[in-house]
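Here the structure comes first, spelled out in structure tokens, and everything after it is commentary.
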Amino acid sequence: MHGNIWVVQNPQGSAQSMALVIRFQLRPSVSITINELGESSDQPCSNSLFKGLQVLLADDDDLNRAVTRKLLEKLGCSVSAVTSGFECLTSIGPASSPFQIVILELQMPELDGFEVAMRIRKFRSRNWPLIVAMTASADDDTWERCSQIGINGVIRKPVLLQGIAIELRKVLMQANKV
């Protein structure tokens with residue numbers, strides 16, 4: 001980084017003003033990908049593990065839903081988004097659904113992510129579709145409760161591309177679906 005700094009003195013000899021000029025070069029933005037070992041690299045984002053993965057995203061917050069959807073799509077997932085637990089259950093339905101992973105915000109009004117997950121596990125399969133919770137909570141009790149209900153993983157907020165990729169990879173590998 002290059003630059004200059006100087007002080008302009010007033011007639012009495014004390015500092016009247018100061019100027020700071022900094023020159024720097026802008027770097028082009030770089031996408032981050034996660035390789036099989038979970039290490040990041042500065043290469044264009046194309047992750048074949050998630051390519052075409054059918055994901056149902058349920059989050060009542062418009063901004064969180066939009067950001068999470070964009071990040072999932074950046075990983076190559078095919079995303080359908082809903083705004084409530086009720087819409088999520090309707091989208092999955094009692095028969096087979098195309099969704100391989102359901103991502104649930106735990107703190108939705110009316111029907112929260114815990115209740116949605118319990119209903120999916122009760123009326124569908126204990127292990128399909130895979131369910132991943134999203135929460136801002138860092139509480140260990142949250143993960144314990146998720147595990148007891150049959151939720152396969154937890155994504156911590158704020159959601160980041162690398163965090164989503166690592167958790168989805170872990171869930172898929174545990175389910176032997178890769």
Side-chain angles (χ1 to χ4, degrees), residues 29-136 146-147 149-178:
S29 63
V30 177
S31 295
I32 303 293
T33 61
I34 310 303
N35 65 22
E36 292 299 322
L37 301 174
E39 300 163 340
S40 64
S41 63
D42 294 343
Q43 296 175 352
C45 193
S46 64
N47 209 323
S48 60
L49 178 63
F50 307 122
K51 187 86 173 144
L53 188 67
Q54 297 291 319
V55 177
L56 178 60
L57 170 63
D59 193 332
D60 62 307
D61 184 274
D62 294 338
L63 182 60
N64 288 341
R65 190 174 57 254
V67 168
T68 306
R69 178 184 197 139
K70 225 20 160 181
L71 292 173
L72 288 164
E73 289 172 344
K74 196 171 196 171
L75 289 173
C77 299
S78 176
V79 183
S80 296
V82 294
T83 61
S84 72
F86 291 113
E87 286 182 57
C88 180
L89 291 173
T90 301
S91 296
I92 292 175
S96 66
S97 82
F99 302 110
Q100 297 157 296
I101 294 185
V102 177
I103 298 180
L104 296 171
E105 162 57 45
L106 291 179
Q107 304 301 320
M108 292 186 287
E110 297 173 10
L111 195 61
D112 68 19
F114 293 112
E115 181 64 28
V116 173
M118 284 191 292
R119 291 185 187 191
I120 291 170
R121 291 299 181 231
K122 182 177 180 181
F123 298 111
R124 297 292 303 269
S125 164
R126 181 72 185 149
N127 54 13
W128 196 256
L130 299 171
I131 301 173
V132 177
M134 265 193 327
T135 183
C146 287
S147 182
I149 293 170
I151 293 175
N152 305 92
V154 176
I155 295 170
R156 303 273 184 220
K157 289 182 176 179
V159 292
L160 303 171
L161 183 65
Q162 185 172 7
I164 292 174
I166 289 169
E167 191 64 21
L168 289 181
R169 180 181 319 299
K170 184 180 86 173
V171 166
L172 288 168
M173 290 189 168
Q174 285 174 349
N176 294 321
K177 300 296 178 192
V178 292

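If you take CZ on Phe99 and CG on Leu53, they are separated by 11.0 Å, rounding to the nearest 0.5 Å. In this structure, OG1 in Thr68 is found 7.5 Å from CD1 in Ile103, a value given to the nearest 0.5 Å. Atom-to-atom distance recorded for Lys74:NZ and Ile164:CD1 is 11.0 Å, nearest 0.5 angstrom. To the nearest 0.5 Å, the span separating CD1 on Ile131 from CZ on Arg121 amounts to 3.5 Å.
A 4.5 Å side-chain heavy-atom check between Ile101 and Val132 finds at least one atom pair inside the cut-off. Under the 4.5 Å side-chain criterion, counting only non-hydrogen atoms from C-beta, Leu75 is not in contact with Leu71. Side-chain contact between Ser80 and Leu57: absent, with no pair of heavy atoms (C-beta onward) separated by less than 4.5 Å.
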Leu168 and Leu72: side-chain contact (heavy atoms from CB on, under 4.5 Å), yes or no, with the steps?
-> CA-CA 10 Å; Leu168 289 181; Leu72 288 164; 3.7 Å; yes
Any chance you could lay out the side-chain contact (heavy atoms from CB on, under 4.5 Å) test for Met134 and Leu104, step after step, and finish with the verdict?
-> CA-CA 6 Å; Met134 265 193 327; Leu104 296 171; over 6 Å; no
Show your working on side-chain contact (heavy atoms from CB on, under 4.5 Å) between Leu56 and Val82 and close with a plain yes or no.
-> CA-CA 8 Å; Leu56 178 60; Val82 294; 4.0 Å; yes
Derivation of the side-chain contact (heavy atoms from CB on, under 4.5 Å) call for Ser84 and Leu111 | CA-CA 7 Å; Ser84 72; Leu111 195 61; over 6 Å; no
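Shown here for Asn152 and Pro129, the closest heavy-atom pair between the two residues is OD1-O, 4.4 Å. A pairwise comparison of heavy atoms in Gly153 and Val171 identifies CA-CG2, 3.8 Å as the closest pair. Looking at every heavy atom in both residues, Leu130 comes nearest to Ala175 through CD2-CB, 3.6 Å. For Arg69 against Ala81, the heavy-atom pair with the smallest separation is NH1-CB, 3.5 Å.
Under the rule for a side chain to side chain contact (heavy atoms under 4.5 Å, CB included), the partners of Ser78 that lie at least two apart in sequence or sit in another chain are Gln54. The side chain to side chain contact (heavy atoms under 4.5 Å, CB included) check on Thr135 picks up Leu106, Ser137, Thr142, Val154, Arg156, with sequence neighbours excluded. Glu167 is linked by a salt bridge (charged side-chain N to carboxylate O under 4.0 Å, His left out) to Lys170, counting only residues two or more places apart in sequence or in another chain. Gln107 pairs by the side chain to side chain donor-acceptor pair (under 3.5 Å) definition with nothing, not counting sequence neighbours. Judged as a side chain to side chain donor-acceptor pair (under 3.5 Å), and not counting sequence neighbours, the contacts of Thr83 are Glu87.
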Please table the atom pairs, donor to acceptor, closer than 3.5 Å between any side-chain atom in residues 112-120 and protein atoms at least two apart or in another chain.
unit_1 : atom_1 : unit_2 : atom_2 : d
Asp112 : OD1    : Phe114 : N      : 3.1
Asp112 : OD1    : Glu115 : N      : 2.8
Glu115 : OE2    : Arg119 : NE     : 2.9

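Here salt bridge (Lys or Arg N to Asp or Glu O under 4.0 Å) pairs that include residues 54-67, with residues two or more places apart or in two chains, are Asp59-Lys157, Asp62-Arg65.
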